[in-house]
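Accompanying notes for the structure given below.
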Protein chains: 2
Amino acid sequence: MEIFFDTLSKSVLFSNISESEIKKMLVCLKASYRKYSKGGMMIWEGDKVSEVGILLYGTARSLKNDIDGKTIIVTMIEPSNFIGILLACSQKRKSPVSVQASQEAYAVFFPIEIIIEGCSKRCNCHKILMKNLLAGIAEKAMVLHDRNDCLIKSSVREKIMTYLLTVSKDQGSKKISIPLDRSSMAEYLNVERSSLSRELSKMKRDGLINYKKNYFVIF
Amino acid sequence: MEIFFDTLSKSVLFSNISESEIKKMLVCLKASYRKYSKGGMMIWEGDKVSEVGILLYGTARSLKNDIDGKTIIVTMIEPSNFIGILLACSQKRKSPVSVQASQEAYAVFFPIEIIIEGCSKRCNCHKILMKNLLAGIAEKAMVLHDRNDCLIKSSVREKIMTYLLTVSKDQGSKKISIPLDRSSMAEYLNVERSSLSRELSKMKRDGLINYKKNYFVIF
DNA sequence: CAAAAAATGTTGCTTAGGCAACATACCTCC
DNA sequence: GGAGGTATGTTGCCTAAGCAACATTTTTTG
């Protein structure tokens, strides 16, 4: 698993920890490495999750079955992202999503208890680890918060504007490039792609914004 | 502030910590107590927040100004609830909401750094504190997740069903009592109260659910 | 218990936006 | 360059659900 070491050290969980420290920690964290073939399941809907994972290679996605059976994708997971951090931290709760490898993938898992409780050796990096874990969840929560913020708006226009303003605050400019194409943006805002396009046109016409591809200017 | 000690010890932050320990900790946590009159602001939209608070008395609400200026209420905060936990933990971010006392209120704030870094005395309760903080955020994140789950549904019926099923899982029964009245439920699901009532009737008629007041049965 | 107030339900009207179908622009690779 | 593919934009039609106004039920309180 050495080859994925870089990915691991880029993760939020191990930020601000030196490579040599990480290597030491991997042992006391009871790291367990797992390989998945395309379509393999890392977490099943309904599981109780007591490990937090980090994707090392490949991509994964979290998905759930809608009431009427169709599958919807909740998030995309990239190398060095967390897997199941929310679940692992909130414990009691059963997973509302499944996590599936979208291609061949490798991941490493750590029992959450060891991160929280610290190992018997009490290496002082555990404090940093814990801090990183906290930052990781806070970040997840913020992502959820931001989407909520868009979703609670009643009109398509307000949803778009809220989204653009959030990105704008984030990038500290009224000229922004967004990370989503129209389809993804529509999905994120929970509107029809065509309705999104329609409203974007109107907003441009009304002099609220300008845009080309994924570059936007807010007036 | 002694009189609010009970409230404090009921908070998630201090769960599993004995009263005597809490008293000791309050000192090294650099607790700062604040009083607010009705309408007083605990956090202003745009603030950077570096303290996590706990409401001791009264009620507060987090609110934000909509794009077109009208104020919307995001959450209600009750005694022993956290104030600004997400913000304090994710740090860099400026607050997207203001927090306002809806009546005369008391609160206590702790610099988040001290909780995370531990105080100089290294009292061993800090580990528990940190664990509690983690649980607190994870819980917040879950709340956000659950609402998202409802909001991303396209029809009123699906939103209702998703909400009811989540509560049902939570209470471990198909017969549930929900904590929201119709208006709040409508607000939570981001639909019109009348549309909610209409759809509930239809769902009853269609034999999907039964209900009376805030008691629901899912078939 | 009666009256007032609050919560919930009902219903006609209207419209934003979902849906489908097609148009245009943009990319890429032979 | 052109052929195929993908991303984006446009438009007519139609329905779900917003809105307003009123009805009924439940709760409060004097």
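Because only heavy atoms are used, hydrogens play no part in the values below, and waters and symmetry mates are left out as well, while side chains stay in. Throughout, a chain's letter reflects where its sequence line sits, starting with A, and its residues are numbered from 1.
Residue pairs meeting the side-chain hydrogen bond (donor to acceptor under 3.5 Å, both in side chains) criterion with at least one member in residues 41-60 of chain A, sequence neighbours excluded: A:Arg34-A:Glu51, A:Thr59-A:Ser102, A:Thr59-A:Gln103.
Closest heavy-atom contact between A:Cys89 and A:Ile137: SG-CD1, 3.0 Å.
In this structure, A:Met185 places its CE atom 16 Å from P of D:dA7, rounding to the nearest Å. Rounded to an integer number of Å, the gap from A:Lys159 NZ to C:dG18 C1' is 12 Å. Rounded to whole Å, the distance from NZ on A:Lys153 to C1' on C:dA16 is 18 Å. Atom CE of B:Met203 and atom C1' of C:dG9 are 16 Å apart (whole Å). Here the P atom of nucleotide C:dC27 and the CG atom of A:Asn214 are 11 Å apart, to the nearest Å.
Heavy-atom contacts from other residues, nucleotides or ligands closer than 6.0 Å to NZ of A:Lys169 number 12 or fewer.
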*Report, as a single string ordered 5' to 3', how protein heavy atoms within less than 4.0 Å touch nucleotides 9-19 of chain D: B base, S sugar-phosphate only, - not at all.*
BBBB----BBB
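Using a 4.0 Å cut-off, some side-chain N or O of B:Lys212 falls inside it from OP1 or OP2 of D:dT26.
Within the cation-pi definition used here (under 6.0 Å to the ring centroid, within 45° of the axis), B:Lys204 qualifies as a partner of B:Tyr211.
Fit an axis to the five pairs at each end of the helix from C:dC1-D:dG30 to C:dC30-D:dG1 and the two axes sit 40° apart, to the nearest 10 degrees.
From B:Ser32, atom OG reaches atom CZ of B:Phe109 across 7.0 Å, with rounding to the nearest 0.5 Å.
No hydrogens or angles considered: a donor-acceptor pair under 3.5 Å links the side chains of B:Glu158 and B:Ser155. Counted by atom type alone, A:Thr162 and A:Lys153 present one or more donor-acceptor pairs between their side chains at under 3.5 Å.
Side chain of B:Ser195 to main chain of B:Val191: no donor-acceptor pair is present (N/O by atom type, distance under 3.5 Å, no hydrogens or angles).
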